[in-house]
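Read the structure below first, then the notes.
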Amino acid sequence: MYYVNDKPHVGHAFTTVAADVMARWHRLNGEKVFFLTGTDEHGEKNQKAAETNGLTPQQYVDGLANTYKDVWKCLNISYDAFIRTSSPSHEAAAAKFIEMMNKSGDIYKGEYEGWYCVPDETFFTDFQLAGGKCPDCGREVKKVKEESYFFRLSRYQQRLLDHYSDNPEFLSPELRSGEIKNRVKAGLRDLSITRASIKWGVPFPLDRSRTVYVWVEALVGYLSGIGWPNGDSGSIWPADTHLVGKEINWFHSVIWPAMLMSAGLPVPKRIFAHGWWTVDGKKMSKSIGNIVDPVGMVKKYSADPFRYFLIREKPLSEDGDFSDKAMVTRINGELVDDLGNLVSRTVTLASRFNGPISGKPELESYLRLERINGLMARFDPFGALEEIWSFIRSTNKYVNDKAPWRLQGSELANALYNLAEACRIISILISPFMPDTSAKINSQLGVGAGMLEDCRFGEFRGRITKGEHLFRKVA
RNA sequence: AGCGGGGUAGGGUAGCAUGGAGUGCCCGCCGGGCUCAUAACCCGGAGAUCGGUGGUUCAAAUCCACCCCCCGCUACCA
């Protein structure tokens, strides 16, 4: 789920494409998948932005939510539900959730005290101040006291730590787990969960003159998005994975599980915090004007190559750099030259052959399916693509070694059989990453869409017809 | 400052837990082969004091100590 205040950029596209790839992979494996995304729409920023634009907050976020949906359509995202936190069903779910926390005795009225930077509209703790001044702008801050309701987050310190040690997968990737554990060990402060001054939000059910702190209510979106507390949400929850940016890891790895424990609900199995993109080596920012627009990328390179690049260029967990140069290298080298060319030479050779394409498997040992599966299970689609491409390269080598253009009869049929089956299997394996391309390969091979279990060398049943190249070179 | 991650050929990475010849992969570069394929494909080669110093060891990229440099997180803007 994304906090909407502008149209999505590469970072958003990355998260969503990665989630889509994982969702498609599990469907390919015959598993039942529920893929939820959506938009977090409340908060002061949108309230103000709406005023500036002469719209109601609702009108303003309606526009943004539609923009998100359009971009996901353009990227071929196969989500099952799209939750909007300004929807009535979400507000009802959030209110219900808070009442459950209250029943556990975890909500109390207190006083929030902090330093407020008026021009930045931001609160700071003592610790964050830079020499008594605002750490962002360096101006004076003033002490503010506000009556507020609190969530007894401090109560959950030990339960969280126990949960982390009992479920090592929960804090993913491993490199992130240390910082969360240590901070939790250092102690948790209770969390102020209401705002008196912000109107654009979910009314706080215990005192409707206030709204619920946006974050707290947005997290409940993971439940309201699957229809909780109604419907068959019980068969979907707990979520297998929440895929989030590393900057919001704290909310997902600490606050959210504590909230769920308080409400007496199961905790998701894994929080995966992914890394960020820089652009041409620089941080993406409006002031530099280097924000990468995914729609522009799709127009320029089309959806599949862009999706491929996002996953192939860096591991999910790491930071990486986005550049047109890197994009061109990947497309020309790996999509056009490795994959496109393999399919092209296979299809050309096969379409000149009249007899039945059959033989005995000779490429099986190069296909490390278990390893690929394992990498995907560990949430490493980057590593999985590396393995898939290793198979593609081995298959290209096989063409050179066999030199089918010099063969005839059964020897030729055998070589073609291996190539056709390899292409069919490759098509299945890449389908979660590049669904359109996979369909193109299938149509040239004359086979239907396969499942993961069909990634075995069997009998080749397709009828091959040479078609267009899968990709075009880019400059 | 505290906590966390990282520094491996021109660039990007894997390897490090359970030490064993600098071993692998991708891009780039040089040379060769092939001609089915969008000058694509295949093979070979050059290129690294594995951040630095010291230590443990028969043996260290890998273990230990200290140092240098990069990056992230530090909770109520989301």
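This structure is a prediction, so every number in the text was calculated from the model and none was measured.
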Rounded to whole angstroms, how far apart are [atom1] on [X] and [atom2] on [N]?
{"X": "A:E217", "N": "B:A78", "atom1": "CD", "atom2": "C1'", "result": "12 Å"}
{"X": "A:E313", "N": "B:G12", "atom1": "CD", "atom2": "C1'", "result": "8 Å"}
{"X": "A:H12", "N": "B:A78", "atom1": "NE2", "atom2": "C1'", "result": "10 Å"}
{"X": "A:Q444", "N": "B:A37", "atom1": "CD", "atom2": "P", "result": "14 Å"}
{"X": "A:R189", "N": "B:U74", "atom1": "CZ", "atom2": "P", "result": "12 Å"}
{"X": "A:L416", "N": "B:A37", "atom1": "CG", "atom2": "P", "result": "13 Å"}
{"X": "A:I180", "N": "B:C73", "atom1": "CD1", "atom2": "P", "result": "12 Å"}
{"X": "A:R183", "N": "B:G72", "atom1": "CZ", "atom2": "C1'", "result": "12 Å"}

Answer yes or no: does a side-chain N or O of [X] lie under 4.0 Å from OP1 or OP2 of [N]?
{"X": "A:N341", "N": "B:C41", "result": "no"}
{"X": "A:R352", "N": "B:A37", "result": "yes"}
{"X": "A:R406", "N": "B:C34", "result": "no"}
{"X": "A:Y213", "N": "B:C77", "result": "no"}

Please give the distance between the [atom1] atoms of [N] and [M] as a whole number of Å.
{"N": "B:U57", "M": "B:G20", "atom1": "C1'", "result": "12 Å"}
{"N": "B:G47", "M": "B:G31", "atom1": "C1'", "result": "15 Å"}
{"N": "B:A61", "M": "B:C50", "atom1": "P", "result": "7 Å"}
{"N": "B:C58", "M": "B:A46", "atom1": "P", "result": "34 Å"}
{"N": "B:U13", "M": "B:A59", "atom1": "C1'", "result": "27 Å"}
{"N": "B:G4", "M": "B:A60", "atom1": "P", "result": "29 Å"}
{"N": "B:G12", "M": "B:A21", "atom1": "C1'", "result": "26 Å"}
{"N": "B:G28", "M": "B:G11", "atom1": "C1'", "result": "8 Å"}

Tell me what [X] touches on the nucleic acid: a base, only sugar-phosphate, or nothing, going by heavy atoms under 4.0 Å.
{"X": "A:N332", "answer": "nothing"}
{"X": "A:D321", "answer": "nothing"}
{"X": "A:L188", "answer": "base"}
{"X": "A:V214", "answer": "sugar-phosphate"}
{"X": "A:E386", "answer": "nothing"}
{"X": "A:K397", "answer": "sugar-phosphate"}
{"X": "A:K246", "answer": "sugar-phosphate"}
{"X": "A:G245", "answer": "nothing"}
{"X": "A:N249", "answer": "nothing"}
{"X": "A:R472", "answer": "base"}
{"X": "A:T348", "answer": "sugar-phosphate"}

Nearest-nucleotide pick for [X], side chain only, options being [options]:
{"X": "A:N182", "options": "B:A75, B:A37, B:C3", "result": "B:C3"}
{"X": "A:W405", "options": "B:U35, B:C41, B:C73", "result": "B:U35"}
{"X": "A:D337", "options": "B:C26, B:A40, B:A75", "result": "B:A40"}
{"X": "A:L349", "options": "B:C36, B:A78, B:A37", "result": "B:C36"}
{"X": "A:N400", "options": "B:C42, B:U35, B:A40", "result": "B:C42"}
{"X": "A:D40", "options": "B:C71, B:A78, B:C42", "result": "B:A78"}
{"X": "A:Y3", "options": "B:C41, B:G72, B:A78", "result": "B:A78"}
{"X": "A:K45", "options": "B:G72, B:C26, B:C77", "result": "B:C77"}

Centroid-centroid distance, A:Y108 to A:F150, less than 6.0 Å: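 Between A:F150 and A:Y108, which both carry aromatic rings, the centre distance is below 6.0 Å.
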Aromatic ring proximity, centroids under 6.0 angstrom, A:W256 and A:F97: yes
A:K69 atom NZ, neighbour heavy-atom count above 12 within 6.0 Å: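 Check passes, neighbour count above 12.
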Whether over 12 other heavy atoms sit under 6.0 Å from A:E370 CD: no
N/O donor-acceptor pair under 3.5 Å between [X] side chain and [Y] backbone:
{"X": "A:S438", "Y": "A:M434", "value": "no"}
{"X": "A:T85", "Y": "A:E41", "value": "yes"}
{"X": "A:N46", "Y": "A:Y60", "value": "no"}

Contact check, side chains of A:I271 and A:R176, non-hydrogen atoms, under 4.5 Å: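 Contact flag for A:I271/A:R176 side chains = no.
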Pairs flagged by side-chain hydrogen bond (donor to acceptor under 3.5 Å, both in side chains) wherever residues 339-349 of chain A is involved - sequence neighbours left out: A:R345-A:N396, A:R345-A:N400, A:T348-A:K466
Polar contact flag, side-chain donor to acceptor under 3.5 angstrom, A:Y2-A:T16: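 Present: a donor and an acceptor within the cut-off.
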RNA chain B: 5'-proximal contact among A:L153 and A:G333 (nearest heavy atom):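 So the residue in question is A:G333.
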Verdict with supporting geometry, A:D319 and A:K314, salt bridge (charged side-chain N to carboxylate O under 4.0 Å, His left out): CA-CA 7 Å; A:D319 291 347; A:K314 73 179 187 70; 5.7 Å; no
Under the 3.5 Å Watson-Crick or G-U criterion, the dot-bracket string of RNA chain B, with | for inter-strand pairs: ((((((((.[[[[[)....(..]]]]].(((((.......))))).....[[[[[..)....]]]]])))))))....
